[in-house]
Each structure stands twice: as C-alpha cells, then as structure tokens.
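Take a look at the structure set out below.
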Number of protein chains: 2
Amino acid sequence: MQSRYEVAVAKSKLKPRKASVSASRVAEVAGVSRSAVSRTFTDGASVSPETRAKVLAAAEKLGYHVNHLARGLIHHRSGIVCLIVAEMQTPFQASFVEAATRRLQDKGKVVMVLNTAGQPANVEAALRQTLNYRAEATVVVSGAPPLSLVETCIENGQRVILINRDDAIEGPQFLMIENEAAATEACFMLRRAGCTRLAVVSSTAGTPSIVARETAFVAAAKSAGIEVAVSRAGPTGYASGAESARQLLAGSNRPDGVFCVTDLLALGFLDATRIEFRLRIPEDICVIGFDDISAASWLGYDLTTFRQPIAEIADYIAEMLDEDEGGPAKVRFPVHVVWRKTVRP
Amino acid sequence: MQSRYEVAVAKSKLKPRKASVSASRVAEVAGVSRSAVSRTFTDGASVSPETRAKVLAAAEKLGYHVNHLARGLIHHRSGIVCLIVAEMQTPFQASFVEAATRRLQDKGKVVMVLNTAGQPANVEAALRQTLNYRAEATVVVSGAPPLSLVETCIENGQRVILINRDDAIEGPQFLMIENEAAATEACFMLRRAGCTRLAVVSSTAGTPSIVARETAFVAAAKSAGIEVAVSRAGPTGYASGAESARQLLAGSNRPDGVFCVTDLLALGFLDATRIEFRLRIPEDICVIGFDDISAASWLGYDLTTFRQPIAEIADYIAEMLDEDEGGPAKVRFPVHVVWRKTVRP
DNA sequence: AAAGATATTGCACTGCTGTGCAGATAGATG
DNA sequence: CATCTATCTGCACAGCAGTGCAATATCTTT
C-alpha cells in the first residue's frame, strides 16, 4: 500500500505537462503518413515537393518542432556536449564558456553546462549527468574527475576532453596550455628588466595550472641562481592577490619582480602595492600576470600578461568533435606575451 | 539515385557511435526482466530487495546509467531548462548564469545554455532549440524573442521566463528589476551630495534595462528642475565609459554628478576621469554605478552602486519551476544601494 | 491445511522518430 | 500500348524506458 501511494504521489508530481505536438499529429493534419513528415525533416530523404509542402504547412500551423530527444534515441547522437565547470563567474572561465558555447553551436551542437559549484564531489554527479543525457562529449574545464567514471564515459562512446590536467589514463583527450614555457618566459622577462628579488603570487587552490605555473617559475629562477619567495594567501582571486602584496611587501627584503599566476591575483597585488604601499609600477616593482582577462587592459592597470588562446581551444574542440576520429591524445596550446606597462622593457 | 546516395553519405556521417548500455542489457546480466531494472531506478516502485541488489550489481558492473532522453520521452519532462543569453563573458551575465545553473541543478534540473552571440537573429534559432529539446522552461536573459515563437513555446507546455522585458503578451512570466526606483534613488543621492550638474552615462545597446535606467534618471532630474547630459559612446562596456568621460569632461560645463547605468561603464568613466583628467572622486565628481560586479569593490574603485539580487532571482526561478502552477505574471525585484566611496555621504 | 491478503514479477503497450522494404504511382521508351 | 524505371509512399519495426494489468509467489490468519 505504502509504495503504491508513493507512486501515485510521484505521478501527480510528474504531471502530464500538456503534450507537445508530434509528427503523427502533423501527418494527420497534412493528410499524409507519419513517415512523410519524418522524411520532410530529414536531410536527403525522398519526398515529393507536394507532400513536402503540405507537411511544412501543417507543421508551421501547429508549431511542430522535431523532438531531438527521440531523434537522439535512434541515432545514438544526442547533439549534446557537456561542459563541467566551476567558478564560472570568474572572467577567464566565463570567457571560455562563452567561446565554447558559440563555437559548438555553430557546429550544430548544443551545450549543457554543469556547475560543480566548487564542490569536488559534484564533479562525479556532473559526469553521471553526462551519461544520463547521453552527451556526445564532455569537456572538463575544472575539477578532478574520478578516473573510473571517465572510463565509463568513454566505454559508452563519449568523447572526454580534459583541460589542463595530466592524469595517467588512456582514452580522454588532454588539452593543455604551455604553462611551463610561459612561467619560464616570465622569469626571463623579469630578469631582463633588471629584477633580482623575485616572488611568485599563487593561490591555495592547487589546480594543476596554478601549480604548474608556480613550480616552473621557481625552477626557472633557481636555475638562474635566484631564490623565489612564494605567497599563497587564499583562493585564486583579487583579494588573495592584495593580501599577498601585504605579506610580501611588509618585510624588509621586498621583491622587485613578481609573477602572479593569474590576472585576478595580479590586479589585487597591483592595487595593494600602489594604494597601500605607495610603490610605483614598474619603477619599483615589475608585475606579470596570466590569462589576459579584459580588466588587464584597463587604463589603471595596463598589465603585462600572457594571453590564453581561448578562441583557439574552443575552435579546436568544435572541429575535433565534428570528425569521426578523435585527435591526438595530447595537444598543447602556446600562450603569447602581451606586453603592456607593468614590466620595464 | 542521387538522393539514395545522399542518404548513404548522411548515414555514414551519423555513424553508429558505440551504443551505450541499456536496461535490457542490465536485465540480461542480472537475470531479471527489464521491468525490474526500470523499477529499481524509479522512485517508489515495487521491487524486492534481492532483485534490487542483483540489478544494482549488474548496473554497476556495466556502467549503466538511465537514459534521460527516453525517460523524458515518456514523462513529457526532459529535465532541461534553457538559458538564452548574450555577452555571457561580462561579469553580470556570467554571475547570473553561474547562480542559475547552481540553483536549478539543486532542484534536479539541468541547464542548457544557448549563446546568441549578440546576433538578434540567433534568438529565434535558440528558441527553436528549446522546442527541439522539449525544454521544460526557457529563461530569456538577453535578446528580444519573436513573440509568436514564445507563444508556440507556451502552447507546447513550456514555461517561458523573460528577464527585464515588458512585452504585451499573455503567457510568459516577467521578472523585472526595479530599474526606475533605483535610477530615481541615484538622482536623489547625487543631489543630496550637493551635485548640481548631472549626467548619465549610458550605451547604444538600447536594451530595456539600460533604457529604463537612463530614462528614469533623466525624468527624476527633470522633476527636480535639472537638465541631464546624456552620453552614449558605444556598446555597454568599460571602453564606452572611458569614452563618455572624455566627451563629458572635455567641455566647459563639466558635470559633478554622474550616474552610469552599468558598473563596467562606471569603471571606465572613473579611470578616464582620474587618469586622463586628473580629477578627484568624489571631491570633484560623484559617480554611481549599477550591478555591483565584483570589480566595483576593488581597492582602486570602491564604487557606490546598486546590487542586483542575482541570487534571489535565481532562487525564485528554481522554486517556481518546481511548482505545478506558474507564479504571477510579473514579479519585480528590488535593488539595494551599496554605499562605497564614489559619492559624498 | 485452506482461504485470503500482500508483495513481486513479467508481459505488452505507450511515447516519438528514423528507415529498410515492398508496393504503388508516374514517367519514359520502343 | 506494353514494359521498364525512377520516384514516392506507407507499413512495420527499432531504439530506450515507464507502467497498468494479470499472474505468481509469499505470508497471515482462522
């Protein structure tokens, strides 16, 4: 009894929801068979012009739209691409989502955004959703996916693309930014500007990108015989950058060249340095950021930074999903220096 | 022959794509009927503990996940909510998408993001996609939807939610920000700070929100007997704000109180004012923005602005979609002043 | 132990669309 | 006019999962 009752409740909650018009309804109105309707909306199918016209007229009149859920069921292709992302209100992530949705739509795909809200546990739930909706591909922009689930996705015919990760697993495609090369270049740029006391401003987030940039910068400096001060004041953001400035500049041995692993960190660092410590940039301290978010080019900042090739990555993903064969397992994208005014030339 | 050939080509393009595991496969492995599998994954259905265990074991082993496309087909509920949005890399839009995806996911929905890429024509295509995927609801965050299509959506049982629009049409729900009240308040704040020469910095975008704020500010000033200088230097963004500063401050009768209809405009205005004209804020000019994007609270800006209740709106949408009956046709959300340092108290 | 109540289970049908196949129609050709 | 062919058309089945209904198994009660 109990369970019956629950069923009833569930049913009433999963209310009918006025059914939408189907192909059979259109066929009825147009006076043709349902097959004819289906063929009218299938590229390259054989329908006479008259039938086609009748169908289109009826469809227009009824407001018929092909049910992609049913279509996907047959073709084993839902047309859905999932984007798993956290912190999507931050400039960099937001730009990526924007670029990806645009490019994928151009290729006829549709994007489902799964927000992990920063909770690592949610990544698993998100991957399960990609399976539930039979997504053709999943792009993991942030977060650490459970590898066993990634394997399940691949076994189920899904393409899996991991951005800026480097796990030891066969199957997914890895798209990576040349973080190390950029960090090494940053070190070189600062040294050439005459900086001798280097620091790196990082965060406690510990994502692969952040760690790679931080580590590579320290290594590059070390190989030039320079010890680097590392500051991680909190999560990756403006406030942490400002806090790092307070920590690094309070001491006596203050740095004169700083690499911030993210533009947001850099902007916070810049503001605190100028406003709270009244230091001049780049005269007293040179600063380099990473990402080239739009605020980096604002009048008050003019931040020298590295541009991530967001559009190129989005293009690459869209192109690749269009092809039958997946591309190479690992692709690295170069970053480019954007020279502005926070480093002496 | 021609068409047959095309069919063949199309078929080869719509390649099989390794089929994913289905309930019948699980039933086979578990040694039960397909119904039992279905019941195991249906809340409140009647299955014995042993059967359930066998099914779960087989499902786990095979990596089975219920096909929500098929499930949606039966229930007439896809679980999909569409967000139609443009310019989603801007701070405000990005925050809204973030909040909406999070709240809707909490309610068991999944969000499909349709990027109109700023092309008005794409709004129509986006609405068609919502119909194709049988979305339960569509939230139009930006862009002007063709009203006839909106009607089609509603006739097909879809909920349609328009943000900051005011069209004369029955059916959709309108969620609106108290733009007028805020703009009027902004005028009052500036006058109380002793400003006598007012200006409004707007944009050429002409979206309803922008226009409403601009118009209400001008009207409020007029009723106080003040003529307002209006500047629209370009699209809604930092660069236009800076350009507006150049236009407004170049003349002799420079304003001493400025309402920028968007924070991005305000930040551009602030920077150009301070850096290029060497004016002090708030001593020489008071500035008020709108949105309370995160950059507004950065050290260098400290912008007095209005906070849009993003979280509340997202909550409201999520709650409302959960209920059977749609809420009232129009709901207005209040905005709150965030006092910082760009207006004299 | 027999009858009645209850919990499970499987069958078969539904929802929506795509498509192979066979039959029908129209057009071309000798 | 008869025959062949190219083009359409409709039937029927497939793809996946949910569910009413009837049959079966299990347990309770007298």
Side-chain angles (χ1 to χ4, degrees), chain A residues 1-8 10-11 14 16-17 19-28 30-52 54-55 59 64-79 131-134 156, chain B residues 1-8 10-11 14 16-17 19-27 30-55 59 64-79 131-134 156:
Chain A
M1 211 54 201
Q2 171 67 7
S3 60
R4 288 286 175 192
Y5 177 67
E6 280 179 26
V7 168
K11 259 187 65 185
L14 294 181
R17 297 220 146 249
S20 49
V21 330
S22 68
S24 8
R25 181 91 187 83
V26 175
E28 213 172 273
V32 299
S33 77
R34 204 184 48 65
S35 312
V37 177
S38 183
R39 291 197 171 96
T40 299
F41 292 101
T42 304
D43 279 346
S46 166
V47 210
S48 71
E50 301 86 52
T51 307
R52 178 186 209 81
K54 279 192 285 184
V55 169
Y64 172 70
H65 285 78
V66 177
N67 188 332
H68 278 33
L69 305 181
R71 181 178 269 185
L73 208 52
I74 295 184
H75 286 154
H76 291 293
R77 306 177 118 258
S78 59
L131 287 162
N132 285 138
Y133 281 95
R134 299 299 191 263
N156 282 301
Chain B
M1 210 54 203
Q2 172 67 8
S3 61
R4 288 286 175 193
Y5 178 68
E6 280 179 27
V7 169
K11 259 189 63 185
L14 294 181
R17 298 218 146 250
S20 49
V21 328
S22 68
S24 10
R25 182 93 188 81
V26 175
V32 299
S33 77
R34 203 183 51 63
S35 313
V37 177
S38 183
R39 291 197 170 96
T40 300
F41 292 102
T42 302
D43 278 346
S46 165
V47 210
S48 72
E50 301 87 51
T51 307
R52 179 185 209 82
K54 279 191 286 184
V55 170
Y64 171 71
H65 286 77
V66 177
N67 187 333
H68 278 33
L69 305 181
R71 180 179 270 185
L73 208 52
I74 293 184
H75 286 153
H76 292 293
R77 304 178 119 260
S78 59
L131 287 162
N132 286 138
Y133 280 94
R134 298 300 189 263
N156 282 302

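Please read these numbers as outputs of a predicted model, since none were measured by experiment. To find a chain, count down the sequence lines: A is the first, B the second, and so on, and within it residues start at 1.
- Considering all non-hydrogen atoms of both residues, A:Ala36 and A:Val47 come closest at O-CG1, 4.4 Å.
- Put simply, B:Arg25 has no side-chain N or O that comes within less than 4.0 Å of OP1 or OP2 on D:dG15.
- The interatomic distance linking A:Arg134 (CZ) with D:dG15 (C1') rounds to 11 Å, in whole Å.
- The interatomic distance linking A:Leu73 (CG) with C:dG18 (P) rounds to 11 Å, in whole Å.
- With distances taken from any side-chain atom of B:Ser46 to the nucleotides D:dG15, C:dG15, C:dT8, the minimum falls on C:dT8.
- Residue B:His68 has no polar side-chain atom (N or O) positioned under 4.0 Å from OP1 or OP2 of D:dC16.
- Counting all heavy atoms, side chain and backbone alike, B:Arg134 lies closest to A:Ser20 at NE-OG, 2.9 Å.
- The interatomic distance linking B:His65 (NE2) with D:dA17 (C1') rounds to 16 Å, in whole Å.
- One N or O donor and one acceptor, one from the side chain of B:Arg39 and one from the base of C:dG10, sit under 3.5 Å apart.
- Within 3.5 Å, a donor on the side chain of B:Ser35 pairs with an acceptor on the base of C:dC11, or the reverse.
- C:dT19 atom P lies 11 Å from atom CG of A:Asp43, rounded to whole Å.
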Original post:
Should B:Val55 and B:Phe41 be marked as a side-chain contact (heavy atoms from CB on, under 4.5 Å) after you check the CA-CA gap, both sets of side-chain angles, and the distance that decides it?
Top reply: CA-CA 9 Å; B:Val55 170; B:Phe41 292 102; 4.0 Å; yes
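- Which of C:dC16, C:dT17, D:dT9 sits closest to the side chain of B:His76 comes down to C:dC16.
- Taking atom CD1 of residue B:Ile74 and atom P of nucleotide D:dG15, one finds them 16 Å apart after rounding to whole Å.
- With hydrogens and angles ignored, no donor-acceptor pair closer than 3.5 Å exists between the side chain of B:Ser24 and the base of D:dC16.
- Within the 3.5 Å criterion, the main-chain N or O of B:His65 finds no donor-acceptor partner in the side chain of A:Asn132.
- Contact between the side-chain N/O atoms of B:Tyr64 and the OP1/OP2 oxygens of D:dC16 is not found at any separation under 4.0 Å.
- Rounding to the nearest 0.5 Å places CD of A:Glu28 at 12.5 Å from CZ of A:Arg34.
- Of the two residues contacting DNA chain C, namely B:Ala70 and B:Ser48, the nearest-nucleotide position lying further toward the 5' end is that of B:Ser48.
- In this structure, CD of A:Glu50 is placed 11 Å from C1' of C:dA26, rounded to the nearest angstrom.
- Between D:dA17 and B:Thr42, no contact under 4.0 Å exists linking OP1 or OP2 to a side-chain N or O.
- Rounded to an integer number of Å, the gap from NE2 of A:His75 to P of D:dG15 is 13 Å.
- Comparing A:Arg34 and A:Pro49 by the nucleotide of DNA chain D whose heavy atom lies nearest to each, the residue mapping closer to the 5' end is A:Pro49.
- Note on B:Val47: only backbone sugar-phosphate atoms sit closer than 4.0 angstrom, heavy atoms only; bases stay farther off.
- Within the nucleic acid shown, A:Ser38 comes within 4.0 Å of at least one base atom, counting heavy atoms only.
- Under 4.0 angstrom from either OP1 or OP2 of D:dG10 there lies at least one side-chain N or O belonging to A:Ser33.
- Listed pair B:Tyr133 / C:dC16 fails the phosphate criterion, with no side-chain N or O lying under 4.0 Å from OP1 or OP2.
- Rounding to whole angstrom units, CG of residue A:Asn67 and P of C:dG18 are separated by 9 Å.
- Close to C:dT17, at under 4.0 Å from its OP1 or OP2, lies no side-chain N or O of A:Arg71.
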**OP:** Take B:Leu73 and A:Asn67, measure what side-chain contact (heavy atoms from CB on, under 4.5 Å) needs, and give me the verdict at the end.
**Re:** CA-CA 9 Å; B:Leu73 208 52; A:Asn67 188 332; 3.5 Å; yes
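- Comparing atom distances between the A:Ala23 side chain and each of C:dG10, D:dG15, C:dT17 picks out C:dT17 as nearest.
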